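Structure, as structure tokens:
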Amino acid sequence: MNANAAPVSGPSQLKDSTLNEQAAVPMIVMARSQDHVEAVNSTLRNAGHPAHCTWISDIRDLGDALTQINPEMLLVFVEAGIDVGAVMQIRAQFGPEVPVLLARDGVDENVIAEALRLGAQDVVSLANRNRLQSVVSRELRAFRLERALNSTLSSAREYKKQLQAFMAGSADAIAHVNDGIIVDANPAWLELFGYSEPDALTGQPLMDLFEPETHAALKGALVACMQGKWSDHHLRASAQLSDGTALALELQIDAEEFDGEPCVRVCVPSRRNSGGQEIEKELKDAVRRDPSTGFLHRRYLIEELKARLARPVKGGVRQLAYVKPDKFGSIQADIGVVASEDFLVAFAELLRDQLAPNDVAGRFGGNSFAVLVERGAARDVEAWAEHVVKRVAGNMFQVAQKSFSATCTVGLGIIPATNPDVSSALADAAAANKRGRDEGGNRLYTVDKADTDTRVQAYDKIWVKHIKSALMENRFRLVQQPVASLQGEDKGMFDVLVRMLDETGKEVLPSEFMAAAERNDLMKNIDRWVIGASMSFCAARKPGRIFVRLSKDTLLDRSLADWLQHQLKAIRIEASRICFQVTEETATQYLSQTKELVGTLRKLGFQCALEHFGAGRDPLALLAALPVQFVKIDGSLMQGLATDNELQQKVKSYVATAKQRKIETIAERVEDANTMAVLWQLGIEFIQGYFVNAPEDVVIGTR
């Protein structure tokens, strides 16, 4: 839009509307002279309408204005050079529901009749401003009533369809599968997938009924179930129906027998017997959701975000993602306004496939979506966002008989563990999204809100005092996170994490104080406390193995070996129960020191591990250089793993190389059943993460 497409008034200038609307009425005024716009604005303001007029002088700007402003009215001054027919054509393409008023010097019945024939609602004149006020008020009321009615009817149709589906649902859809082949399917399963013949699916591969991106997780779940390692987990899968359409399902998978042979029972539970309360609950939830995308409406999204953030986070990080398709205006111009909603439905479905069960997502307005992402670490959130960008860019959208590609931008807003604020996080995420789109889109963008050196120093001064006090008063504690086996019996392995308690006994997460500890040479002190507490725990409880982190400062501490020898003599534990772990980044940066330390630790009887493996430039070379017993594959590689074949192949190569070197593999920060099922397929031996057990659930002791 050019410089003449400019707002004339804003809501701060106007009084309450006679239409009982507090927000300004967005209007487009098309005229050669800005004086006409000022006259309209003054007339409506005097009538009590809080109008926000955008002036358009060139018809070439009209399409963009209709798309970007979403006006409630278009007022066109019929003057020399303004083609009313062309105006109405553009309005029909970009805003068919927007009411149009024509303004002329003189108004009579013939002029009004011609305007109605062209598709306008009426004709007004500045010569009769009382009539102008009345007509604007009448048409705004009519427009809003029609919009509300259409929304209500659309919602009613959607809710009716859902109710019919609930009431007409048949028994559970069940198929029995042996070695990946369907050996039996009940009528409900046939009906669900669109088949009428009783034996239509018998003898067919189960995978043929599901979209390719689901195969890895489904195969893994079937294998795990037959091994007795799948228990009460629900698998999300995208079914491929007989008519070619896709349907998102949640599968229950159990080991069973069929005709005396072991098999897997795959079930899609019916909702028929869920009872009136369940139906009422689902209908109540449907009211909270956008009928098109199924995401929460903006109002309910904000309510849900506030409720979630009111509960303190027990571990990991929370960030808000603001997601928008790039160049939506161009897409809308290409496929039309109505079809653009179909595109957003497809876009939302693609986004939904990338969500973890604990994520909170909503349609924030128009073509924007907001997601509360909870992950184990900040880089996991970034990996998730990058995966969303990649999936959208690699998808081919089929809308309005057109095939086209699209991209999106994800802006991230950080939510602090203390005093989380929804508004600030949303503002940061939206600003990041805009910056990302301004730089070309098709990217992840995070607003840099780094503090100045002065503020960091002030921040550190406070935390250093708290950390030293906590060390002196023994106000630290350890918590465990189980490391679960995928290949055999659990070995009683745990990852240990540290928590600090403030003076009131309130738990403080490492994300709040560790950065200050690292900057102020306090990590060695904290590490010594953690190691000592871990040894005491091993002596008292004799776990199979616990994993203890070493910071960079401890890695470079020449006195560590002598101190560990003294601790072993004093506490008398089996050193092999403890596996010390360093990050791939630290090991790469200080490779010679890491090799020396690993050798020393192994001589003392301890075991060693690399954590966050796979996040660096050349992890396989590092693996060849260090004789460790375990590698922990970085949690960022778990984001999107269930549906990303390229990512699966990367992890598979890490696992294969580790096995060649007789190194056991652990997947970090596994957060859903689908990812776990894929890891079975890839040969991972152990997993840890919130899907297995939150680290805060079991306190394993203090010194």
Side-chain angles (χ1 to χ4, degrees), residues 158 161-226 229-258 262-283 285-286 289 294 349 352-353 355-357 642-643 672-678 680 691:
E158 185 66 25
K161 282 169 57 181
Q162 293 180 15
L163 182 59
Q164 288 173 339
F166 301 155
M167 301 304 295
S170 57
D172 294 350
I174 299 171
H176 290 92
V177 181
N178 192 340
D179 290 333
I181 302 299
I182 298 173
V183 295
D184 180 64
N186 72 351
W189 183 279
L190 295 169
E191 180 182 353
L192 176 64
F193 284 86
Y195 295 89
S196 56
E197 295 298 322
D199 297 326
L201 296 177
T202 303
Q204 300 298 314
L206 178 68
M207 298 303 151
D208 288 354
L209 300 181
F210 293 89
E211 295 195 332
E213 64 180 23
T214 300
H215 288 181
L218 187 52
K219 288 177 182 176
L222 295 177
V223 172
C225 188
M226 291 300 293
K229 302 292 291 184
W230 189 269
S231 175
D232 297 328
H233 307 313
H234 288 228
L235 192 79
R236 291 174 290 131
S238 183
Q240 202 167 53
L241 307 185
S242 61
D243 61 2
T245 59
L247 177 65
L249 298 176
E250 192 168 88
L251 308 178
Q252 292 180 356
I253 300 175
D254 302 285
E256 210 172 76
E257 282 193 1
F258 183 79
C263 70
V264 175
R265 177 181 180 267
V266 183
C267 174
V268 181
S270 166
R271 297 180 178 178
R272 167 176 289 177
N273 298 320
S274 57
Q277 290 183 341
E278 185 67 23
I279 293 174
E280 181 180 350
K281 179 182 176 182
E282 295 197 32
L283 286 176
D285 183 64
R289 298 185 178 276
E349 192 60 35
R352 188 194 320 281
D353 289 343
L355 301 179
T643 57
D672 61 85
N674 285 56
T675 301
M676 181 178 70
V678 170
W680 250 299
F691 182 71

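Keep in mind that what you see is a predicted model, and the values were worked out from it rather than measured.
Asn186 contributes a side-chain N or O that, together with a main-chain N or O of Asp172, makes up a donor-acceptor pair within less than 3.5 Å.
Of all the heavy atoms in Val183 and Val177, the pair that sits closest is CG2-N, 4.3 Å. A pairwise comparison of heavy atoms in Arg236 and Thr214 identifies O-CG2, 4.5 Å as the closest pair. Across all non-hydrogen atoms, the minimal contact from Cys225 to Ala255 is SG-N, 3.1 Å.
Legend: residues meeting side-chain contact (heavy atoms from CB on, under 4.5 Å) with Pro262, ordered by chain and number and at least two apart, are Met226. By the side-chain contact (heavy atoms from CB on, under 4.5 Å) test, Val268 is found to be paired with Ala173, Trp189, Leu192, Leu249, Leu251, residues two or more places apart in sequence or in another chain being considered. Ala356 meets the side-chain contact (heavy atoms from CB on, under 4.5 Å) test with Asp359, Arg375; sequence neighbours excluded. In this structure Ala217 satisfies the side-chain contact (heavy atoms from CB on, under 4.5 Å) test together with Leu235, Asn674, Ala677, Val678, sequence neighbours excluded.
Looking at Lys219 and Trp680, their side chains never come closer than 4.5 Å, going by heavy atoms from C-beta outward.
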Open item on the list: With side-chain contact (heavy atoms from CB on, under 4.5 Å) as the criterion, how do Phe258 and Asp184 come out once you've worked through the C-alpha distance, each side chain's angles and the decisive distance to 0.1 Å?
Closed with: CA-CA 9 Å; Phe258 183 79; Asp184 180 64; 3.4 Å; yes

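Counting only residues at least two apart or in different chains, side-chain hydrogen bond (donor to acceptor under 3.5 Å, both in side chains) contacts with residues 242-257 comprise His176-Glu256, His234-Glu250, Asp243-Thr245.
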Check: residues 198-213 side-chain donor-acceptor pairs under 3.5 Å, at least two apart:
residue : atom : partner : partner atom : Å
Glu211  : OE1  : Ser238  : OG           : 3.1
Glu213  : OE1  : Arg391  : NH2          : 2.7

